[in-house]
Amino acid sequence: MYYFNRVLLTILLLGLPFLASSQTRERGLSVKVGATKEDLTAKRDVNLWAVVIGVSRYKMGDQNVDGNQISNLKNAAEDATEIYKFLRSPEGGSFPESNISLLVDDQATKANIEAALDKLKQSKPDDYFVVFIAAHGVIWQERGASGRTEEYPYFVVYDTDPRAIAKTSIRMESFKRTVNSVPAKKGLVISDTCHSAGVMLDSGSRGLAVTQRAQNQWLEELKEIPRGVGYLSAADQNESSLEKDDLGHGVFTYCLLEAVRGNADFDADGKVTFEELRTYVRDEVPKMTDNRQHPQYATTMLSANNLPLSVVTYPEVGKCSAASPCGTLRITNPEVEGVEILIDDKSLGPLATGGQRTIRVPAGERRLTLAKGSVKQTQAAKVEPNKTTSYEINAAFTQSNAEEVVEQTAQQKTVYLGEEKQPTKDAEKKLQEGVDLFNKQKFREAIALFNEAVRLNGGGYHQAFTYRGRAEQSLGAKEDAIKSFTEALAVRPTDYQTKTLLAEAKFNAGRNTEEIANELRAINKRYPLYDFAYVVLGDVLFARGDKIGAEKALRKAIGINPKFPPARMILAHVLMSKDPAAKFIDMGKEVNAMPFKEATEQAEESLRLFNEVAKKKVSALKAAKSLSISHLIFGGGRYEDNSALAEANYILGKAYTRYAGWEEGNLPDAVRMSYIDKGRVNIQEALRLSQNSPDKMRQFLSLWISADNAFLKGDSPRAIKDAEAALKLADAMPNVELSGDRFELYTILYQSFYTSQEYTKAAEALRKGLNIYGNRLPADERQRIADMLREVEERGKANRKKK
């Protein structure tokens with residue numbers, strides 16, 4: 001398992017519990033979040049308030065700004081979002097939406113954070129508040145009130161300018177003053193602020209690179225709050241907090257959530273106390289990090305040890321004991337109305353749209369039943385001892401995971417509710433026949449059958465519309481595909497999978513990319529573990545020139561499902577567009593990012609996975625009954641076998657070629673030539689697969705990189721032949737913006753003719769390139785090429801005189 005350095009996550013408990021919950025089952029007095037026994041006895045009205053902040057992506061993240069750099073983070077925003085969801089759940093307290101502010105990434109500006117914290121001043125003395133902030137922390141030197149230069153710790157927020165830390169960040173001391181002025185006497189501050197060495201400040205400035213000292217000074221600030229303070233820290237002072245890709249969280253946050261969801265309720269009394277929480281994370285975090293991370297904890301209020309941090313729901317389906325341990329079921333319902341949950345036939349009542357429940361049940365196989373109207377679906381749910389098994393309720397295109405072409409994420413399981421009104425038998429028969437033809441890539445014939453299925457079903461057939469749209473995409477009928485997906489969503493508006501296909505279809509048709517990106521972000525927010533939506537978002541953001549956003553979305557998709565090939569393929573393409581000399585910060589040092597090398601690794605894995613997909617066969621009957629979205633994605637459109645394999649081979653061939661070209665002088669000649677030769681194999685395969693394709697762009701790009709590969713190999717005749725063929729194809733696509741590509745092709749022609757001492761032809765190629773793209777080049781670059789042109793023209797004249 002690969003670990004990433006992450007920041008120290010410190011939980012500071014201001015006198016009272018962490019994540020307590022709303023009233024649940026009776027055990028003497030009811031248990032409520034933020035309420036002491038005295039509060040309950042006196043029937044005091046305890047209101048709940050929260051501010052939850054997480055910054056994974058910074059406005060100036062991963063950019064060198066006058067020698068300063070803020071590294072983007074991996075899961076800070078996701079950690080904040082999950083904390084928010086738990087606080088909103090019954091087990092987490094059911095914090096009112098009006099009283100909780102969630103600020104992630106570009107929402108987490110200095111102004112927004114200060115306004116959200118100021119809102120806590122509306123609380124009353126008996127109320128309870130939680131503040132969570134996951135962001136970088138830095139030490140900054142400035143002149144203090146005494147006139148001497150002193151060091152101050154700051155939170156680095158989304159719009160922080162590393163050249164102006166004091167003006168654009170939030171000083172931790174002022175944050176402490178705000179917390180101290182909140183009227184509520186009971187509260188919790190969760191701070192994830194060290195992010196060891198995640199900020200590099202110019203050595204000539206007054207700032208200091210971030211160290212554990214930012215976190216340490218923050219702790220000292222909080223100790224000055226005149227209340228009893230307890231805290232739980234993710235790691236020791238000399239350790240970093242770690243992340244695991246397969247968890248999607250920092251290890252500490254993952255264990256923290258596991259604990260409060262019920263797995264730390266050691267005495268099965270229906271609540272998790274601070275003492276149980278600290279015992280759980282003390283034991284589990286070192287296990288999950290190979291003993292590299294050890295949470296620290298303390299409290300100055302002994303009574304806080306026994307206060308409830310969360311309430312655990314136990315349906316009457318068996319008791320927990322050492323001999324019969326329990327596990328936890330986590331069930332989320334993004335947007336299906338009116339769903340009732342039953343565990344072993346015991347009803348837990350309805351689960352609200354957008355809600356989640358965590359239920360503690362004896363480990364083993366349980367019956368999970370979902371009921372909505374006349375639809376009732378039961379399936380086995382395997383519960384592991386002292387672990388959370390997550391299920392998501394959806395009404396989407398997919399109806400079963402039985403025949404997935406790509407193995408789905410293990411982070412959660414999905415329960416797909418079927419249609420309340422079943423299609424007619426005749427309509428279903430036509431759909432199955434259409435799917436059979438779809439499998440055989442006979443898209444026109446398939447579309448006719450899907451239309452017939454729609455007619456036989458009275459004009460509304462969700463699956464037939466969606467299949468028809470994908471078949472139309474395969475034929476290049478972009479507007480027809482948009483119409484079909486829109487009609488499918490009119491029948492089933494909650495189908496987030498078809499929403500994603502619609503967004504992709506709009507993108508392919510050249511619609512407004514900002515609107516498409518926002519549509520995809522809305523899907524990501526509601527369905528944070530749907531890999532394909534992140535892939536399409538990454539593609540859209542890359543087209544918009546947002547390389548950082550594209551890379552983040554694609555890495556998120558890979559973290560969710562490492563076996564989803566398009567994510568790796570598009571990420572390889574994004575990496576090849578990055579500055580090959582790019583650096584990142586690791587433990588306070590600048591390290592070469594080597595994006596071209598990683599691009600080859602991602603492209604290799606992508607092609608391997610695409611080949612696995614191509615070998616999978618799904619029978620028409622099973623496919624029609626299972627209705628797997630991965631079958632639909634990889635059976636048509638961009639990811640149909642030949643099209644996908646052509647693109648994957650092209651990307652890998654390009655990655656090998658670019659890496660060999662950039663590393664000239666750094667790699668041994670034999671190794672460098674091996675990359676060029678491997679690239680040639682993939683380029684030839686891409687050309688073969690795209691030869692009969694109507695997609696002229698795929699042929700153009702494959703010829704383009706073939707010319708570059710041949711030039712690096714020293715094969716000037718091949719480079720000239722392929723570059724000229726690519727330019728001929730470009731002429732056949734007049735409505736496509738290819739000026740930059742044409743310029744580079746003319747540059748390859750110039751270099752190849754120059755190497756062959758055909759200087760007149762070299763000059764002609766360079767002149768054409770300048771005419772096409774010269775006005776877009778920086779003045780110094782344009783002048784440099786003009787000088788090259790004069791030099792090669794002189795050589796051409798000299799050659800003609802010799803003849």
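Just so it is clear, the model here is predicted, and its values are computed rather than measured. All values below were derived from every heavy atom in this structure, side-chain atoms included, with hydrogens, water molecules and symmetry-related copies excluded.
Residues L667 and Y659 are in side-chain contact: their nearest non-hydrogen atoms beyond the backbone lie under 4.5 Å apart. Contact check for L541 versus L537: side-chain heavy atoms found under the 4.5 Å cut-off. Contact check for I785 versus F743: side-chain heavy atoms found under the 4.5 Å cut-off. Here the side chains of P528 and T81 are not in contact, with every heavy-atom distance at 4.5 Å or above. Using a 4.5 Å cut-off on side-chain heavy atoms (C-beta onward), Q63 and Q69 make no contact. A 4.5 Å side-chain heavy-atom check between D79 and F132 finds at least one atom pair inside the cut-off.
Taking each heavy atom of N68 and P162 in turn, the nearest pair found is CB-CB, 3.5 Å. Taking both residues in full, the closest heavy atoms of I676 and N709 are given as O-ND2, 3.0 Å, listed atom of the first, atom of the second, then distance. Considering every non-hydrogen atom in both I70 and H136, the closest pair reads CG2-CD2, 3.6 Å. Nearest heavy-atom pair across I651 and A572 is CG2-CB, 3.7 Å. Among all heavy-atom pairs drawn from A726 and L745, the shortest one is CB-CD1, 3.8 Å. Considering all non-hydrogen atoms of both residues, Q293 and T289 come closest at N-OG1, 3.2 Å.
Legend: residues meeting ring pair (Phe, Tyr, Trp, His ring centres under 6.0 Å) with Y527, ordered by chain and number and at least two apart, are Y496.
Salt bridge R672/E663: absent, no basic N to carboxylate O contact under 4.0 Å. Between E78 and R555 there is no salt bridge, since none of the side-chain N atoms of the basic residue sits less than 4.0 Å from a carboxylate O of the acidic one. A salt bridge is defined here as a Lys NZ or Arg NE, NH1 or NH2 lying under 4.0 Å from an Asp or Glu carboxylate O, and E335 with K499 meets this definition. Taking 4.0 Å as the cut-off between side-chain N and carboxylate O, E612 and R608 count as a salt-bridged pair. Taking a cutoff of 4.0 Å between a charged side-chain nitrogen and a carboxylate oxygen, E604 and R568 do not qualify as a salt bridge. Salt bridge status for D546 with R57: present, with a side-chain N to carboxylate O gap under 4.0 Å. Look at D66 and R163 and you find a salt bridge, because one of the NZ, NE, NH1 or NH2 atoms lies within 4.0 Å of a carboxylate O, short of that distance.
Just one of E601, K597, E598 meets the side-chain contact (heavy atoms from CB on, under 4.5 Å) condition when paired with L575; it is E598.
Side-chain atoms of K478 come within 3.5 Å of backbone N or O of N508 as a donor-acceptor pair. Judged by distance alone, the side chain of N72 and the main-chain N or O of Y58 form a donor-acceptor pair under 3.5 Å. Counting only distance, with no hydrogens or angles, the side chain of T160 and the backbone of T168 share a donor-acceptor pair below 3.5 Å. The main-chain N or O of D741 is found under 3.5 Å from a side-chain atom of W704 such that the two form a donor-acceptor pair.
Taking the six-membered ring for Trp and thresholds of 30 and 60 degrees, Y656 and Y675 have ring planes inclined between 30 and 60 degrees apart.
In this model, no donor atom of one side chain and acceptor atom of the other lie less than 3.5 Å apart for T600 and R658. No donor-acceptor contact under 3.5 angstrom links the side chains of N75 and H249, judged on distance only. Side-chain contact, Q107 with T109: no donor N or O sits under 3.5 Å from an acceptor N or O.
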**Request:** Output, in order, the C-alpha distance, side-chain angles, deciding distance and verdict of ring-ring contact (aromatic ring centres under 6.0 Å, His included) for F634 and F564.
**Result:** CA-CA 11 Å; F634 295 100; F564 199 66; 5.6 Å; yes
**Message:** For D539 and F507: C-alpha separation, side-chain torsions, deciding distance, then whether side-chain contact (heavy atoms from CB on, under 4.5 Å) applies.
**Reply:** CA-CA 9 Å; D539 216 3; F507 174 54; 3.9 Å; yes
**Asked** What do the steps show when you test S739 against R776 for side-chain contact (heavy atoms from CB on, under 4.5 Å), and what is the final call?
**Response** CA-CA 10 Å; S739 56; R776 300 191 188 185; 3.2 Å; yes
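Within a 6.0 Å radius of NZ in K110, other residues, nucleotides and ligands contribute more than 12 heavy atoms. Around atom NZ of K678, more than 12 heavy atoms belonging to other residues, nucleotides or ligands sit under 6.0 Å away.
Contacts classified as salt bridge (charged side-chain N to carboxylate O under 4.0 Å, His left out) and involving residues 503-520 (residues at least two apart or in different chains) are given here: R470-E504, E479-R511, K506-E519.
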